[in-house]
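Here's the structure, in structure tokens; my notes come after.
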Amino acid sequence: MVTPRLRTAFSDRSLGSYSFDLINMALLLAVIFITLYPMYYIAIVSFSDGKEVLLGRVRFWPRGINLQSYQMVLRDDTVIRSLFNSILYTSVGTAINLVLSTLCAYPLSRRDFSGRKWLTLYVAITMFFQGGLIPLYLVVLQLGLLDTMWAIVLVPGINAFYMFIMRTYFQGQPTALHEAAIIDGANDIQILARIVVPLAKPIMATMLLFYAVQHWNSFFHALIFLTEKARYPLQLILRSVVVESTFEQMNDIGAATDFMVLEKTIRFSVIMVSTLPILLVYPFLQKYFVKGVMIGALKG
Amino acid sequence: MADLPAAKPLSPARPGTLQRAGRVLRKDRYLYLIFLLPFLYFLVFHYLPIYGVIIAFKNYKVAFGIWGSKWVGLQYFIEFLTDPYAWKLIRNTMLLSFYSIVFGFPIPIILALLLNELQISWFKRVVQTVSYLPHFISVVVVAGMVVNFLSSDGLVNRIIVALGGESFPWLMQPRWFPGIYVISGIWQHAGWSSIIYLAALSAIDPELYEAATIDGAGRFQKMRHITLPGIAPTITILLILDLGRIMSVGWEKILLLYTGATYETADVLQTYIYRRGLEGADFSYATAVGVFQGLVGLAFVIGANYLSRRLSDTSLW
């Protein structure tokens, strides 16, 4: 199995160096295994027959393939409603994030903007000083946003860190187009809408993914701002099913289905349903994030 | 402050100042208009809460509002700091952060060094792709995995039983909580945290390695004398940041994982603020605890930065 490439990689090396490479690769294989196995285990249990799970026979591959737990989960009203809520909060929230972040980043990216220094400071201060949990809760309460979608989508409206990444990107855009547009009599709003944003598609895509993942995964704002169960996002339902082990239909599972479906396979199916969207966008995320992290780290 | 000289023309000797300010504002009026919504956002959801911190010094009642409520001065701070439980909270908060730093901080560095030594680029990409993934999984899922793997019939206890041991109630034992917290944190974030070191590694001049090879340096020598010094500033900065964050632990995960049985080691300032403030509606008291936490946290940031500037010339400001 030694490919030509491998052979060149190892040639001209001492025995010590060679064994170092082997140990290094073994360690990194272990890293892969430790990272993936817990997730893989969740997946194979969720697909397996409850009886096999109970007997501890599910280890490295699913046994007695059984999709009944998925059927139960996807037929459950609470899960479906929360799935719908999560999709709603994620799409509305991300749209708000993108609009607000763009509106914030563009003026701050303009070196000739008279308010640039003070408004940058205005934003940066919020990265270091926060009022904390209770004062934020009271603001939401006073605005009458408690128990509404707006608390969930408006409170995380701009992530200052992401916004500064965006500003850095805007600053890197060529100014020639701006100048031409100004000569043509365009105002700043027109420049933003017709030139800056259309030229910023890569950063917009990056921000879209980052904000969307953040919304999809968030549970704490929903926990403190929502009381009506009909408005719960998936993560809160996930919390009660997976962490606190309460699934509304669990009572009639054991007897009715003859252990084909187990509490555990149900729990793991809910995990799978909630994590699948993340796994689907992960390849795209990965394509963009390294760049994003580096821009943020070096220039933020 | 750097542009004070530029502001000098504002002296009354120049009569056209107001007009000029007006002209500047008119030139930038659309930019200010664009900034209006973000301005309001930060005002409402960031500056109003900062202003709301006043209630830590008042006996806040929702019905009376912030100004209608009575001033109580430092009463809640004194009440908190004289409560023996406060010290348990502070200790738990700092210990969980401390363990995370001691055990969690070196791992991304080691991972980055190992990845850097890897000769096969596709294998390197695979390791990176896999190890970044858990970072994007929600904290609820991670907590769910921990709870299920550590349950009496969970994966961990199954392995222990198979090896001849006995099933153990991990999540019910206060002494195991820090370990569970730290290990699940490493599992989720170590790969992601290594990115920044890999970026620093890629910035090291390859000529240094070539020169060292010519001088007959081995791989460990190169690692010690070129690679590590090359990323030392990055390590310092990240360590400062971590030390500065010592008062803010990953309390969302704690909230999901702790139980009454493990409060002894798991209850931290933030979870206490959540319980007292929101479950107990003790708004002023919980805000006071939050202010205390913020101040101590700030002291740590400043202290860590000072220390680092004295010791290594690397600092945040």
Greatest number of heavy atom pairs closer than 4.5 Å to chain B - which of [options]:
options                                : answer
A/Ile42, A/Ile224, A/Ile158            : A/Ile158
A/Ile271, A/Val281, A/Leu133           : A/Leu133
A/Leu119, A/Ile278, A/Val213           : A/Leu119
A/Leu138, A/Leu279, A/Ile125, A/Leu108 : A/Leu138
A/Leu154, A/Leu143, A/Leu192, A/Val31  : A/Leu154

Interchain contact, [X] with chain A, by part (heavy-atom threshold 4.5 Å):
X        : result
B/Ser284 : neither
B/Phe220 : side chain
B/Leu48  : both
B/Leu36  : neither
B/Tyr60  : side chain

Does the side chain of [Y] come within less than 4.5 Å of [X]'s, by heavy atoms?
X        : Y        : result
A/Cys104 : B/Tyr41  : no
B/Val139 : A/Asn217 : no
A/Phe129 : B/Leu298 : yes
A/Tyr122 : B/Leu43  : yes
B/Val44  : A/Val139 : yes
A/Asp21  : B/Arg219 : yes
B/Leu255 : A/Leu223 : yes

Over all atoms of both residues, closest heavy-atom pair of [X] and [Y]:
X        : Y        : answer
A/Ile32  : B/Val127 : CD1-CG2, 3.9 Å
B/Lys27  : A/Asp188 : O-OD2, 4.1 Å
B/Gly154 : A/Lys264 : CA-NZ, 3.9 Å
B/Tyr47  : A/Leu121 : OH-O, 4.5 Å
B/Ser138 : A/Leu238 : OG-CD2, 4.5 Å
B/Leu133 : A/Tyr282 : N-OH, 3.2 Å

Straight-line distance of [X] [atom1] to [Y] [atom2], nearest 0.5 Å:
X        : Y        : atom1 : atom2 : value
A/Phe20  : B/Met223 : CZ    : CE    : 4.0 Å
B/Leu31  : A/Asn187 : CG    : CG    : 9.5 Å
A/Leu100 : B/Leu40  : CG    : CG    : 10.0 Å
B/Leu33  : A/Ile189 : CG    : CD1   : 4.5 Å
B/Ile66  : A/Gln142 : CD1   : CD    : 7.0 Å
A/Arg267 : B/Ser151 : CZ    : OG    : 6.5 Å

*asked:* Which residue is it: B/Asn148, B/Leu256, B/Val147, B/Val140? I am looking for the one with a side chain to side chain contact (heavy atoms under 4.5 Å, CB included) to A/Val242.
replied: B/Asn148
*So with a 6.0 Å cut-off around CZ of B/Arg29, is the heavy-atom count from everything else above 12?*
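More than 12 within 6.0 Å, yes.
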*With a cut-off of 6.0 Å (strictly less than), are more than 12 heavy atoms of other residues, nucleotides or ligands near CH2 of A/Trp150?*
no
Would the [X] and [Y] ring centres measure less than 6.0 Å apart?
X        : Y        : result
B/Phe149 : A/Tyr41  : yes
A/Tyr106 : B/Phe35  : no
B/Phe136 : A/Trp216 : no

For the interface with chain A, which of [options] has the highest count of heavy-atom pairs at distances below 4.5 Å?
options                               : answer
B/Leu111, B/Val24, B/Val141           : B/Val141
B/Val62, B/Leu155, B/Ile137, B/Leu257 : B/Leu155
B/Ile50, B/Asp28, B/Ile54             : B/Asp28

Side chain from CB out, backbone as N, CA, C, O: work out which of these in [X] comes under 4.5 Å of a heavy atom of chain B, or both, or neither.
X        : result
A/Leu234 : neither
A/Phe113 : both
A/Arg59  : neither
A/Phe128 : neither
A/Pro156 : backbone
A/Ser114 : both
A/Met163 : neither
A/Tyr37  : side chain

*Give a yes or no answer on whether the side chain of B/Tyr32 reaches the backbone of A/Gly115 with a donor-acceptor pair at less than 3.5 Å.*
yes
_side-chain contact (heavy atoms from CB on, under 4.5 Å), that's the test. Do A/Thr126 and B/Phe45 meet it? Break it down for me._
CA-CA 10 Å; A/Thr126 67; B/Phe45 293 108; over 6 Å; no
